[in-house]
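Heads up, the thing below is written out as structure tokens.
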Amino acid sequence: MNSPVSPAGYSILVVEDEAAIRRFVRLALGAEGHTVHEADSVARGLIEAGTRRPDLVVLDLGLPDGDGIEVIRGLRSWSTVPVIVLSARSQEADKIAALDAGADDYLVKPFGAGELMARVRAQLRRHYQQTPGGDPLIVFGDVRVDLARRTAERAGQPLHLTPIEYKLLTHLASQPDRVITHQQLLKTVWGPGHADDTHYVRVHMANLRKKVEDNPSMPRHLRTEAGIGYRFVL
Amino acid sequence: MSDARPDPDRLLEQVQRDEVRARRGRLKIFFGANAGVGKTYAMLSAAQAAQAQGTPLVIGVVETHGRGDTEAMAAGLVRLAPSQVANNGRTLPEFDLEGALQFGAVHSGEPRALVLLDELAHSNAAGSRHPKRWQDAEELLAAGVDVWTTMNVQHLESLNDVVSGITGIRVWETVPDRVFDEADEVVVVDLPPDELLARLKAGKVYVPQQAERAAVNFFRKGNLLALRELALRRTADRVDGEVRAYRRSVSVQPVWANREALLACIGPGSTGEKVVRTCARMAAQLDVPWHAVHVETSAMGDPQALGVLKLAGELGANTATLSAPEPAAALVRYAREHNLVRLVLGRRAHPRRPWRRALADQLVRCADDLDVLQVALPARPGTAASERPRVLQDPDADEARSWRGYAAAAAACAVLVLVATPLAGVLELSNIVMLFLLLVVGVGLRLGRGPAVLAAFLGVVLFDLFFVSPRFSLAVSDVQYLVTFAVMLVVALVVGQLTAGLKVQAAAAMQRERRVRSLYDMSRDLSAALLPEQVGEIAARFLRAEFSARSTLLLADDANHLEALAGGEAPVDLGVAQWSFDRAESAGRGTGTLPASPCLVVPLKAPMRVRGVLVLELPGSAQLGPEPMRLLDTCASLLAISLERIHYIEVARTSTVQIESERLRNSLLSAISHDLRTPLASLVGLSDALGLTEPPLSTAQREVADAIRDSALRMSAQVNNLLDMARLEAGAAPLHRDWQPLEEVVGSALAASSEALAGRSLHVNLPDDLPLLHLDAVLFERVLVNLLENAAKYTPSGSAITLGAEATTREVSLWVDDEGPGLPEGAQERIFEKFERGSRESSLPGVGLGLAICRAIVQAHGGRIQGSNRRAHGSIAGARFTIVLPRGEPPQDDGTGKSTTL
């Protein structure tokens with residue numbers, strides 16, 4: 001994929017059937033200097049994505065000719081382009097399904113221009129400005145995780161993490177700003193066959209927060225997305 | 001090695017049986033050879049010891065018969081007051097079963113309650129729940145109450161005839177061997193005969209006044225020795241059985257499943273009684289199952305034989321009635337079908353018909369691989385059947401019918417003589433003989449066996465009188481005619497027998513066919529029934545036709561309460577019906593429970609549960625024999641299956657309707673929510689984007705754009721509230737509950753309401769030992785966000801908000817404190833109502849749904865929420881909202897050992 005060098009000026013595809021929202025998204029993203037392509041259905045979305053080769057997709061889940069998840073599945077068969085999903089509240093199941101299908105983040109309607117632009121910026125940064133080959137060092141707050149030596153320290157003191165906590169932390173921290181569902185974490189750390197044991201993740205996450213967060217009940221880095229999963233924020 | 005492995009199914013069965021046993025009370029029998037050996041005394045002294053050890057016990061019934069030492073032994077033990085049973089205008093004191101059950105229910109813990117019941121074989125007064133005391137004991141045991149009791153060897157059902165043979169006194173009060181064999185403990189109370197006789201002389205043995213002469217006969221040394229031997233031997237058999245059962249339980253050798261079972265063949269009349277008792281004893285000694293069958297050779301049925309069959313059922317046999325002309329063939333077929341290798345039958349010293357081949361010989365001819373055991377029968381048929389209940393058939397009517405048959409046979413003979421006399425000159429005598437034979441055939445066909453025999457003899461006599469010279473005299477001129485008479489008699493008898501037999505078989509076949517057809521009709525009707533009322537009607541029709549009985553169907557609701565179906569004709573005693581339903585056992589007339597009741601109650605057992613009961617009011621005072629009883633059982637199970645089918649049709653229909661209406665509601669809600677939210681989302685976004693246009697907006701324009709945005713956001717929040725409330729109220733918001741730490745939900749709620757809480761000092765005090773809670777994270781976050789935003793809205797800016805939690809053994813409470821003006825007095829409950837706000841004249845926006853939603857969500861989690869005011873130094877320090885949730889049972893496993901990639 002041809003990733004542009006400058007932070008601005010990306011090509012973005014908006015798949016949304018509501019003209020007013022498309023208009024607003026175009027206005028907001030255009031103001032940032034991005035080129036915006038539009039589509040109003042699953043079929044158009046897939047065609048546009050194939051021909052325009054966008055650098056990011058903003059996708060509404062409820063489309064007239066089908067479910068937005070079909071767009072994600074179609075897209076993921078050939079592309080790793082970041083996808084931000086737009087959805088209504090009280091549709092957690094849809095969001096989880098979209099994230100599990102490969103979406104990177106979601107926005108709940110109604111959302112403001114500021115919120116949208118922050119998410120788009122975060123996804124573009126994560127996807128296009130990562131050091132190729134991966135940095136063996138993850139640093140956030142006063143915590144340093146050395147992926148090569150499998151060690152962690154906090155404020156210069158060695159940090160004792162259990163193998164599960166280490167695995168959780170590195171999996172989340174290697175994909176900052178990306179929402180990772182409980183199921184994805186369960187599958188990564190515990191393997192298949194534990195789909196109903198979401199409390200595994202939650203219990204170890206609580207312990208991990210106590211070790212790396214200043215205030216575990218108001219976490220800065222390991223954020224909870226209620227009912228969906230977690231998001232690591234630098 | 002592998003064949004020594006225990007069969008898991010069998011182990012499971014064993015475990016289940018053990019569990020049932022563990023729930024059941026324990027039965028201990030103090031067993032003696034005869035009265036006066038000190039059983040009651042032994043029981044009471046053991047009870048004293050048990051009471052000293054803290055066993056809660058009560059004397060249900062103890063007969064001390066005024067003996068001082070026994071009386072003294074009972075001192076200090078609580079006695080249950082007898083209940084008064086009304087019987088023929090008198091009231092008789094009887095054991096109070098209900099009181100004993102209540103005593104058992106009160107002392108349901110360990111150690112278990114114990115009830116002492118003297119004289120297990122006692123017959124209760126008519127009108128009691130059970131006719132026999134041993135049935136009272138069974139009910140107590142089933143209720144988990146231990147029972148201690150006493151009995152003598154003569155009261156054992158299978159030894160009953162042996163004892164009466166020894167002593168010459170027949171005892172009518174008996175206890176089935178099953179009760180004795182299944183008792184958990186049997187204690188033999190033994191006294192040598194000489195000592196017993198000494199005690200008798202000293203007046204220490206209770207003997208009823210009127211029976212004194214009988215007692216003199218009874219208490220002879222020879223009798224006492226024999227009874228003592230019987231009692232000891234029976235106990236030894238029991239111990240032997242226990243040893244064998246133990247061996248089997250530890251044995252690694254698989255026991256051959258088809259053990260050599262016995263088949264008792266019950267002949268006509270009451271002769272089978274001895275066969276049955278003998279077979280029961282043998283089966284018990286060999287520890288094998290046994291069957292008892294009676295072969296019906298006549299359509300009339302044999303009530304006495306059916307009575308014996310019933311006795312066999314009580315003694316533990318599988319019983320059956322077969323219908324066949326030749327008993328031997330039917331017996332062999334039955335034995336082959338049921339894998340029975342030993343047949344037990346009776347043998348008479350002086351057979352009634354010596355010319356007939358004995359049944360045993362016939363059996364041996366049919367099947368020489370079967371063992372045939374013969375039991376000697378008394379030459380004279382026993383007189384034991386005097387107390388047999390009458391079976392559903394009126395013998396009076398039978399008698400009248402047969403009397404009429406003989407008269408008709410005689411009349412027919414007379415008519416034939418009248419008709420044939422004028423023909424005497426025309427026809428050869430041999431043809432007149434033919435006419436008589438024809439008559440016998442006719443009589444046999446129409447009137448049965450007896451009249452045919454009469455017609456045969458009468459025919460020979462009349463032929464001699466009227467047709468053979470010299471006429472009008474029994475004398476015979478030509479000796480040749482003697483041959484004619486003999487041949488005529490034999491042919492007439494044989495032909496008559498054959499035709500009568502044919503008729504009987506045809507009648508039996510017809511009756512069987514009629515039964516089968518009516519069952520078939522009923523099942524066909526039932527398969528079309530769609531309502532319980534239709535089932536009731538079909539049942540009533542069938543029972544009226546087959547039993548000429550009136551019936552009522554009672555159905556059980558989900559709470560196991562019985563309700564009579566409309567259109568029932570039989571009177572219903574709900575108590576009996578409920579008893580029968582609860583235990584899934586028949587009750588009422590002809591059964592072991594409340595036999596004095598006018599109705600018979602049969603439970604309707606379907607595969608999933610007991611669906612209800614069938615109440616049957618039989619005509620007259622008759623009881624049902626085994627064959628009609630089986631028919632009734634078949635009918636009951638057909639009814640039960642139909643009722644179950646109807647029930648599940650109903651269930652399926654309701655759930656379809658529910659799914660349909662839920663689908664409708666959900667699509668309606670999501671359509672509304674889409675149509676309301678989308679324009680609002682556009683409004684928010686567009687007003688926001690206005691600020692991004694070129695050239696930049698003026699300050700005034702920007703303020704307008706922001707105001708539009710804020711209004712749209714507020715409206716969106718309210719739409720969300722309304723839709724959420726609608727969802728919650730419609731039950732259309734299923735909870736997605738997961739076990740999670742409270743801290744996580746609190747964290748996401750704080751993050752979600754960070755805008756509203758800006759500038760507040762926030763304290764979060766969550767103890768470390770909080771358990772995991774079973775929450776819907778999204779909904780519960782909403783509760784906390786609403787509470788936090790409420791706190792922010794109604795308190796002065798900058799004041800502190802505190803969030804705390806605490807766990808007790810059963811609940812976890814979570815509270816949100818603020819430092820505002822507190823809740824209006826008396827409004828603590830009202831604020832959780834819909835569209836209620838703390839103070840009406842408040843200028844703050846909102847329609848008052850936030851707390852109502854909180855309450856709906858918390859209640860859906862099985863918790864509660866309340867508002868109160870915190871007081872400090874006599875004044876209100878702020879409001880406190882407390883959520884209390886049940887702890888539940890969090891999973892212990894945290895997956896530490898299950899990670900795959902360590």
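Numbers restart at 1 for each chain; the letters A, B, ... are given by sequence-line order, proteins then strands.
One N or O on the side chain of D688(B) and one on the backbone of A113(A) form a donor-acceptor pair closer than 3.5 Å.
The neighbour count for M218(A) CE, taken as heavy atoms of other residues, nucleotides or ligands under 6.0 Å away, is above 12. Crowding of R737(B) atom CZ: a count of heavy atoms from other residues, nucleotides or ligands under 6.0 Å exceeding 12. Applying the 6.0 Å contact sphere to CZ of R887(B) captures more than 12 heavy atoms from other residues, nucleotides or ligands.
Screening E744(B), Q740(B), E743(B) for a side chain to side chain contact (heavy atoms under 4.5 Å, CB included) with T224(A), the sole residue that qualifies is E744(B). When each of N765(B), V745(B), V764(B) is paired with S217(A), the side chain to side chain contact (heavy atoms under 4.5 Å, CB included) condition holds for V764(B) and for no other.
Among residues 97-107 of chain A, no residue has any heavy atom closer than 4.5 Å to a heavy atom of chain B.
How far NE2 of H199(A) is from CG of L773(B): 13.5 Å, rounded to the nearest 0.5 Å.
Interface residue L713(B): only side-chain heavy atoms are found under 4.5 Å from chain A. L686(B) touches chain A through backbone and side chain together, each having a heavy atom under 4.5 Å away. If you measure heavy-atom distances from S716(B) to chain A, the contacts under 4.5 Å come from the side chain alone. If you measure heavy-atom distances from R209(A) to chain B, the contacts under 4.5 Å come from the side chain alone.
Put simply, of G114(A), P219(A), P110(A), the one with the most heavy-atom pairs under 4.5 Å next to chain B is P110(A). When each of G747(B), S748(B), A777(B), G685(B) is scored by its heavy-atom pairs under 4.5 Å with chain A, the top score falls to G685(B). With chain B as the partner, the residue from A19(A), A20(A), G227(A), A206(A) showing the most heavy-atom pairs under 4.5 Å is A20(A). Highest contact tally toward chain B, considering only R23(A), R223(A), H204(A), is held by H204(A) [criterion: heavy-atom pairs under 4.5 Å].
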Could you check S682(B) against E18(A) for side chain to side chain contact (heavy atoms under 4.5 Å, CB included), going step by step and ending with a plain yes or no?
CA-CA 8 Å; S682(B) 310; E18(A) 201 60 41; 4.2 Å; yes

Could you give me the CA-CA distance, side-chain angles and deciding distance for L680(B) and K109(A), then say whether side chain to side chain contact (heavy atoms under 4.5 Å, CB included) is met?
CA-CA 9 Å; L680(B) 282 171; K109(A) 292 179 187 176; over 6 Å; no

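Smallest separation of non-hydrogen atoms from F24(A) and A689(B): CD1-CB, 3.7 Å. Residues I21(A) and A681(B) approach most closely at CD1-CB, 4.0 Å, considering heavy atoms.
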